[in-house]
Amino acid sequence: MLSWMDSLKGRSLMRLKSLTDAEMLDLVDLAAQLKARRRAGTRGDLLRRRNIALIFEKSSTRTRNSSIIAARDEGGGAEYLTRPDIHFGKKESVKDTARVLGRIYDGILFRGFSQQTCEELARWSGVPVWNGLTDDYHPTQILADLLTVKETFGSLDDCTVAYVGDGRNNVANSLMMGCAKAGMRYVCCAPRELRPDEAVLAEAEEVARRNGVDIRVSEDPHAGVKGANVIYTDVWVSMGEESKTAERVKMLRPYQINMDLMRATGNIGGKLMFLHCLPAFHDFNTEVTKDTGALEVTDEVFESEYSKVFDESENRMHTIKALFVSALADRSQI
Ligand code: CP
Ligand code: NVA
């Protein structure tokens with residue numbers, strides 16, 4: 001019989017909903033353990049002779065590099081494959097590509113548009129498939145976020161997370177479920193047009209109820225963040241939605257994270273942090289913001305003592321490693 005620790009062996013991760021609460025929290029703890037191991041200078045061989053295909057339809061800095069280094073740190077390999085590199089979805093169906101790559105690789109991490117493509121890869125490849133972001137969900141991001149909160153506050157207990165901005169994007173959807181599973185209160189501050197999808201909200205509410213916490217949705221960011229310990233935002237326009245830029249910027253201006261909003265938590269000087277999955281538009285230093293300046297977060301907050309965004313981005317690597325190890329390695333060797 002498998003011990004609870006081995007319950008993730010051979011498993012895919014499409015979305016957080018498919019993990020038990022204990023499995024999700026176990027992945028966070030495993031990542032902390034692997035992080036400590038790396039900090040102590042150990043580069044082990046937990047993933048020796050394991051090869052992972054990285055199929056990416058969208059750009060990435062963190063997810064791509066985290067996956068490559070996570071595999072390499074533990075003696076494995078990862079191959080970065082973009083749509084123009086392979087026949088994926090053009091000359092060869094997703095189903096056939098899945099069956100081919102599943103014969104060659106031990107696992108596949110997919111970043112792309114459709115959640116259905118990710119699920120089809122999992123269905124046909126015969127190896128674990130991990131969702132490295134789709135239009136609907138970004139589960140691996142939330143594992144890193146939970147690790148960051150746990151490291152910073154010492155535990156996930158008695159914590160309110162306020163997500164402010166596009167409340168129905170991939171990160172917001174996964175964060176809402178992650179908080180519900182971890183027993184953290186969640187408030188989504190978003191305009192009516194960008195409220196969480198009702199079905200996604202209902203699923204998370206059911207989990208939150210079971211864990212004795214609430215989920216709230218507020219159109220008023222200043223009222224919504226009152227009492228929050230984590231202020232979280234993401235870009236206002238996700239990859240693939242670029243045509244909506246002007247309308248989103250107009251709609252979400254009042255939802256910018258600035259020091260005023262941080263103060264509205266009532267927790268300045270206390271239990272408070274700022275998180276962002278990154279990349280973030282916080283200054284004039286990108287092609288997008290060279291004329292507009294900060295969008296979803298001001299430089300003042302981004303660079304403040306409350307901001308844990310670079311711990312968070314480092315934690316992408318440790319949590320993705322935990323996912324690979326939990327599915328492909330013998331954990332008794334750690
Ligand atoms: N947060 C995140 O997924 O970053 P990348 O797009 O750089 O992978
Ligand atoms: N919501 C963002 C997340 C990027 C990591 C996007 O999909 O572009």
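Whatever order the structure lists ligands and atoms in, that order sets their numbers, starting from 1.
Annotation: K90, atom NZ; neighbour count of heavy atoms from other residues, nucleotides and ligands within 6.0 Å is above 12.
Looking at L278 against ligand 1, only its backbone comes within 4.0 Å, counting heavy atoms. Looking at K58 against ligand 1, nothing comes within 4.0 Å, counting heavy atoms.
In terms of polar-atom proximity, Q141 is counted as a contact of ligand 1, with an N or O under 3.5 Å from an N or O of the ligand. For the pair P279 and ligand 1, the shortest N or O to N or O distance does not fall below 3.5 Å. An N or O contact shorter than 3.5 Å links C277 to ligand 1 by distance.
Checking F88, F113, Y80, F110 one by one against F56, the ring-ring contact (aromatic ring centres under 6.0 Å, His included) holds for a single residue, Y80.
Protein heavy atom closest to atom 4 (C) of ligand 2, with residue, atom name and distance, is L133 CD1, 3.9 Å. Closest protein heavy atom to atom 2 (C) of ligand 1: R316 NH1, 3.2 Å. For atom 3 (C) of ligand 2, the closest heavy atom belonging to the protein is D234 OD2, 3.6 Å. In this structure, the protein non-hydrogen atom closest to atom 4 (O) of ligand 1 is R62 NE, 2.8 Å. Atom 6 (O) of ligand 1 has R111 NH1, 2.8 Å as its closest protein atom, hydrogens excluded (heavy atom only).
Looking at P279, S174, S238 and measuring to atom 6 (C) of ligand 2, the nearest heavy atom belongs to S238. Across the listed options S66, S59, G132, S60, S60 owns the non-hydrogen atom lying nearest to atom 8 (O) of ligand 1.
Under the side chain to side chain donor-acceptor pair (under 3.5 Å) criterion, R111 pairs with T63, not counting sequence neighbours.
Every atom of ligand 1 with a heavy atom of T61 under 4.0 Å away is listed here by number and element: 5 (P), 7 (O), 8 (O). Within the listing of ligand 1, atoms 2 (C), 3 (O) sit less than 4.0 angstrom from a heavy atom of H138. Annotation for ligand 2: atoms under 4.0 Å from non-hydrogen atoms of M239 are 6 (C), 7 (O), 8 (O). Close approach of ligand 2 to L278 (heavy-atom distance below 4.0 Å) involves ligand atoms 5 (C). Here is the list of ligand 2 atoms found below 4.0 Å of a heavy atom in N170: 1 (N), 2 (C), 6 (C), 7 (O).
A pairwise comparison of heavy atoms in A280 and E296 identifies CA-OE2, 3.3 Å as the closest pair. When all heavy atoms of A98 and W124 are compared, the closest pair comes out as CB-CB, 3.8 Å. Across every non-hydrogen atom of G165 and A190, the tightest pair is O-CB, 3.2 Å. The nearest pair of heavy atoms linking H318 to E314 is NE2-OE2, 2.7 Å.
Pairs passing the salt bridge (Lys or Arg N to Asp or Glu O under 4.0 Å) check and including a residue from residues 152-166, sequence neighbours excluded, read D158-R185, D166-R168, D166-R248.
Remark: side-chain polar atoms of T140 are not paired, donor with acceptor, to backbone N or O of G132 under 3.5 angstrom.
Between F302 and H282, the two ring planes are parallel [angle under 30°; tilted spans 30° to 60°].
Donor-acceptor pairing under 3.5 Å is recorded for the side chains of E23 and S7.
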